[in-house]
Amino acid sequence: MQLKDKVVLISGVGARFGAATAKLFALEGAQVILISRKEDLVKNIAEEIKTQNGKADYMVLDVTDSEQVKITVQSILDKYGKIDVLFNNAGGSYTKKEKLIDMDDNFWDTTLKNNLKTAYLMSKNVAPHMKKSGGGSIINVSAAFKTILDGNAAYATAKSGIVGLTKNLAREVRDYNIRVN
């Protein structure tokens, strides 16, 4: 139980990768807080974790909304007192193949918002609290193999941006015992 008494916030908890990650963190003893836009899905995952003697809570949140993120992070801090690990997994918009020269501006904006802005907003709101509490860990998920795609420059740009965000944030917060990977 390597994560006993740790509070882990996971954004983008869906049916696959986010759910598996949440279950693994809970299995290691963490109190997991699952975030998704889809209440039925995230509620079921939290219930499944609890039936296996894990500790799970969930919140419905649009992680592209700055004010909602700010309020939710504060609510988690009020309830649990800390966030030890932030796991940024929210994303999407990778299935549509559209050449850049034909791409709709809205598709570009939405793809960057769903994949890059989410990690930015969550990190921006959690890192200051980790700094105050003496450290923590921020994990950003980026499908690096999808940074070169045939027909989706928006998704590739967003995922490449997460790599840049991760490297720069790691430098910014390293002196506060916050790891960013």
Side-chain angles (χ1 to χ4, degrees), residues 3 6-96 106-130 136-144 146 152 154-155 158-159 161-163 165-166 169 180-181:
L3 299 173
K6 299 292 184 184
V7 176
V8 178
L9 175 57
I10 305 170
S11 71
V13 176
R16 298 180 318 197
F17 190 66
T21 301
K23 291 171 187 175
L24 183 59
F25 275 117
L27 183 66
E28 288 296 330
Q31 165 65 58
V32 295
I33 298 123
L34 316 175
I35 292 181
S36 177
R37 292 182 204 168
K38 301 172 185 169
E39 183 171 14
D40 290 343
L41 179 64
V42 75
K43 181 179 179 181
N44 290 338
I45 295 166
E47 291 303 319
E48 184 180 341
I49 289 170
K50 289 177 187 177
T51 62
Q52 297 171 1
N53 297 319
K55 295 182 271 181
D57 197 355
Y58 73 92
M59 298 184 169
V60 177
L61 171 65
D62 177 356
V63 290
T64 68
D65 183 306
S66 180
E67 193 59 29
Q68 281 188 41
V69 170
K70 185 177 184 179
I71 290 167
T72 300
V73 167
Q74 189 57 55
S75 172
I76 292 165
L77 291 166
D78 291 346
K79 185 172 182 176
Y80 295 100
K82 62 180 181 171
I83 299 170
D84 297 296
V85 178
L86 170 61
F87 190 87
N88 284 315
N89 186 55
S93 303
Y94 57 85
T95 56
K96 185 176 180 181
N106 187 55
F107 179 77
W108 175 270
D109 293 343
T110 300
T111 302
L112 267 66
K113 182 170 81 170
N114 285 335
N115 291 281
L116 183 55
K117 186 176 182 182
T118 55
Y120 156 74
L121 287 176
M122 294 298 292
S123 298
K124 177 182 176 179
N125 283 279
V126 171
H129 301 286
M130 288 179 170
S137 181
I138 298 173
I139 303 163
N140 295 324
V141 176
S142 175
K146 291 195 174 189
N152 194 336
Y155 186 73
K159 292 304 180 179
I162 290 174
V163 173
L165 170 70
T166 301
L169 182 57
V180 185
N181 300 98

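- Listed by chain and number, the residues in a salt bridge (charged side-chain N to carboxylate O under 4.0 Å, His left out) with Lys50 are Glu47 (sequence neighbours excluded).
- Using a distance-only test at 3.5 Å, with no hydrogens or angles considered, a donor-acceptor pair links the side chain of Asn89 to the main chain of Gly12.
- To the nearest 0.5 angstrom, Thr118 atom OG1 is 12.5 Å from Asp65 atom CG.
- Contact detail for Ile162 and Ser142: the closest heavy-atom pair is CG2-CB, 3.7 Å.
- To the nearest 0.5 Å, atom CD1 of residue Ile139 and atom CG of residue Asn88 are 9.5 Å apart.
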Item to check | Stepwise side-chain contact (heavy atoms from CB on, under 4.5 Å) check, Ile35 with Phe87 | outcome: CA-CA 10 Å; Ile35 292 181; Phe87 190 87; over 6 Å; no
Item to check | Intermediate values then yes/no, side-chain contact (heavy atoms from CB on, under 4.5 Å), Lys79 and Ile33 | outcome: CA-CA 11 Å; Lys79 185 172 182 176; Ile33 298 123; over 6 Å; no
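- Within the 4.5 Å cutoff, the side chain of Leu3 has heavy atoms near those of the Phe25 side chain.
- Residue-environment remark: NZ (Lys55) exceeds the threshold of 12 foreign heavy atoms within 6.0 Å.
- For the pair Val180 and Leu169, the tightest heavy-atom approach, listed with the atom from each and the gap, is CG2-CG, 4.0 Å.
- Between the CG atom in Leu165 and the CG atom in Asn140 there is a gap of 5.5 Å [rounded to 0.5 Å].
- Here Thr72 contributes atom OG1 and Leu77 contributes atom CG; the two are 11.0 Å apart, rounded to the nearest 0.5 Å.
- With hydrogens and angles ignored, the 3.5 Å screen pairs no side-chain donor or acceptor of Ser75 with any backbone N or O of Ile71.
- Put simply, NE2 on His129 and CG on Leu9 are 11.0 Å apart, with the number rounded to the nearest 0.5 Å.
- Across Leu121 and Val69, no two heavy atoms sit closer than the pair O-CG1, 3.8 Å.
- Minimum interatomic distance between Gly14 and Leu41 (heavy atoms only, all atoms of both residues): CA-CD2, 3.5 Å.
- A donor-acceptor pair under 3.5 Å is formed between the side chain of Asp84 and the backbone N or O of Val7.
- Of all heavy-atom pairs spanning Ala90 and Val63, the tightest one is CB-CG2, 3.6 Å.
- Contact between Gly91 and Asn115 at its shortest, heavy atoms only, is CA-OD1, 3.2 Å.
- Within the 4.5 Å cutoff, the side chain of Tyr58 has no heavy atoms near those of the Val13 side chain.
- Sorted by first then second residue, the side-chain hydrogen bond (donor to acceptor under 3.5 Å, both in side chains) pairs that include residues 20-32, not counting sequence neighbours, are Lys23-Glu48.
- Each of Arg37, Lys113, Lys38, Lys117 was scored for a salt bridge (Lys or Arg N to Asp or Glu O under 4.0 Å) with Asp62, with one residue passing: Arg37.
- Put simply, CG on Asn53 and CG on Leu27 are 10.5 Å apart, with the number rounded to the nearest 0.5 Å.
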